[in-house]
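Since we're looking at a predicted model, the values are computed, not measured.
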Amino acid sequence: MNDEKSSLTLRVVVPGTPEPGARVEVRPVVDGLDILAEAFPEGPGLDPRFLLPPDGPLTAGAEPREVRLAEAQCTEGCCGALYVTVRSDGDDVIWSGWRNPDDDEVDLPEFRFDARQYRAEVERAATDHSWEWPARTVARLLERHLVARTDWLPPWECELGAVSAWLWEPERINLFLFHPSSSAIREDRPWLQFRMALAVSGDDPAAEAERLAERLTAGDPRESAEVCGGSIEFARQLGYSWP
């Protein structure tokens, strides 16, 4: 075991060219070494919304937690992903147990971080939104409003999937819903996904997110959304037209 302390930096990288499919990614850098460039060139790091939410997966506790840091561009099932196990050990945080389902061995060592430096860096990265463009900020704040409105979707047999902003559509966001719920996918029951495209005006993001939340939660969101996922048969069973 290497007891020397390492230093962690979490870089959020926004692609310079907003081509369709371009992804914002978190790139962990340890002692100046870009971990993904070193061990997983097959695809980008995870989006900050998955890796850096408040109390997110990189938060270290005594119980080991496996965290996916990156996924192949073509999906994990095709060309793999990069995982690390994160755990606290006294005044340290340890990254170890590197794993790629598509590779028998990942050539990375165990890293040991000072817990204070580690926590400070994770918190800094999670609260730094300076890289966001206006629509991305609106999407993040709108999702926060909608998650807090726990009374909104149950009467319509819907579940919030995501509120997304894409680089190649800088003036709109997309809201995704599951009907009746995402658990129906795992339970092999009929399900549909709905998508709602929302224009972003460029006004103050916080005010715009609040206005959108009030409008969306005023009624059944399916009335202004379109079916974008599921199957023709599921749509028939649930009483909807397939696009």
Side-chain angles (χ1 to χ4, degrees), residues 8-30 32-59 65-84 86 95 100 118 120-147 160-177 193 195-206 208-209 212-213 228-229:
L8 174 69
T9 303
L10 297 168
R11 293 179 180 166
V12 176
V13 177
V14 180
T17 304
E19 299 176 347
R23 304 185 199 177
V24 179
E25 58 176 326
V26 178
R27 299 193 70 88
V29 177
V30 179
L33 178 70
D34 185 320
I35 294 298
L36 304 187
E38 180 72 14
F40 193 77
E42 287 82 1
L46 260 63
D47 188 284
R49 74 187 301 268
F50 302 120
L51 205 57
L52 295 174
D55 300 317
L58 290 178
T59 303
R65 173 188 294 174
E66 187 173 63
V67 180
R68 184 166 68 176
L69 297 178
E71 181 182 17
Q73 192 77 36
C74 53
T75 73
E76 176 177 339
C78 180
C79 292
L82 182 65
Y83 289 85
V84 66
V86 179
W95 279 18
N100 178 355
Y118 180 92
E121 176 58 14
V122 172
E123 182 177 352
R124 181 206 62 77
T127 56
D128 178 12
H129 304 294
S130 61
W131 55 268
E132 292 180 339
W133 59 101
R136 176 82 185 215
T137 303
V138 174
R140 173 174 55 82
L141 297 175
L142 175 59
E143 186 167 35
R144 184 182 301 171
H145 281 296
L146 297 180
V147 168
L160 183 64
V163 184
S164 300
W166 299 326
L167 280 166
W168 60 95
E169 295 178 344
E171 297 179 351
R172 79 173 189 180
I173 60 180
N174 291 277
L175 186 150
F176 294 92
L177 301 168
Q193 187 179 46
R195 181 179 72 91
M196 189 185 307
L198 303 169
V200 175
S201 68
D203 293 342
D204 174 68
E208 186 155 22
L212 286 171
C228 68

Please lay out, stage by stage, how N174 and E169 fare under the test side chain to side chain donor-acceptor pair (under 3.5 Å).
CA-CA 10 Å; N174 291 277; E169 295 178 344; 3.3 Å; yes
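- The nearest pair of heavy atoms linking A22 to T17 is CB-O, 3.9 Å.
- Under the 4.5 Å side-chain criterion, counting only non-hydrogen atoms from C-beta, R136 is in contact with W131.
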One pair to check against side-chain contact (heavy atoms from CB on, under 4.5 Å): V200 and W133. What are the steps and the verdict?
CA-CA 11 Å; V200 175; W133 59 101; over 6 Å; no
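- With rounding to the nearest 0.5 Å, the separation of CD in E123 from CG in L52 is 12.0 Å.
- Among all heavy-atom pairs drawn from W168 and G21, the shortest one is CZ3-N, 3.1 Å.
- The OG1 atom of T127 lies 6.5 Å from the NE2 atom of H129; values are rounded to the nearest 0.5 Å.
- Heavy-atom minimum distance, N100 versus G80: OD1-CA, 3.4 Å.
- Relative ring orientation between W166 and F176 is described as tilted, the plane-to-plane angle lying within the 30° to 60° band.
- With D47 contributing its side chain and E25 its backbone, the two residues share no donor-acceptor pair below 3.5 Å.
- Environment of CD in E66: crowded, with over 12 heavy atoms of neighbouring residues, nucleotides or ligands closer than 6.0 Å.
- Atom CZ of residue R49 and atom CD of residue E143 lie 4.5 Å apart, to the nearest 0.5 angstrom.
- Take D128 and apply the salt bridge (charged side-chain N to carboxylate O under 4.0 Å, His left out) test, not counting sequence neighbours, and it matches R124.
- Applying the side-chain hydrogen bond (donor to acceptor under 3.5 Å, both in side chains) criterion to D34, with sequence neighbours excluded, gives R27.
- A heavy-atom distance below 4.5 Å is found between the side chains of L82 and I35.
- Expressed to the nearest 0.5 Å, how far OH of Y83 lies from CD of E71 amounts to 7.5 Å.
- Checked by atom type and distance alone, the side chain of E121 pairs as donor or acceptor with a backbone atom of L10 at under 3.5 Å.
- Counting only heavy atoms from C-beta outward, the side chains of L46 and V67 never approach each other to under 4.5 Å.
- Here SG of C79 is found 10.5 Å from CD of Q73. Values are rounded to the nearest 0.5 Å.
- Rounding to the nearest 0.5 Å places CG of L212 at 5.5 Å from CD1 of I173.
- Considering all non-hydrogen atoms of both residues, P15 and L167 come closest at CD-CD1, 3.5 Å.
- For R11, there are no side-chain hydrogen bond (donor to acceptor under 3.5 Å, both in side chains) partners at least two apart in sequence or on another chain.
- For the residue pair P28 and V26, the shortest heavy atom distance occurs at CD-O, 3.6 Å.
- With contacts defined as side-chain heavy-atom distances shorter than 4.5 Å, the pair W95/L58 qualifies.
- Put simply, the side chain of L160 reaches to within 4.5 Å of the side chain of L177, judged on heavy atoms.
- Pairing each heavy atom of A39 with each of P41, the nearest pair is C-CD, 3.8 Å.
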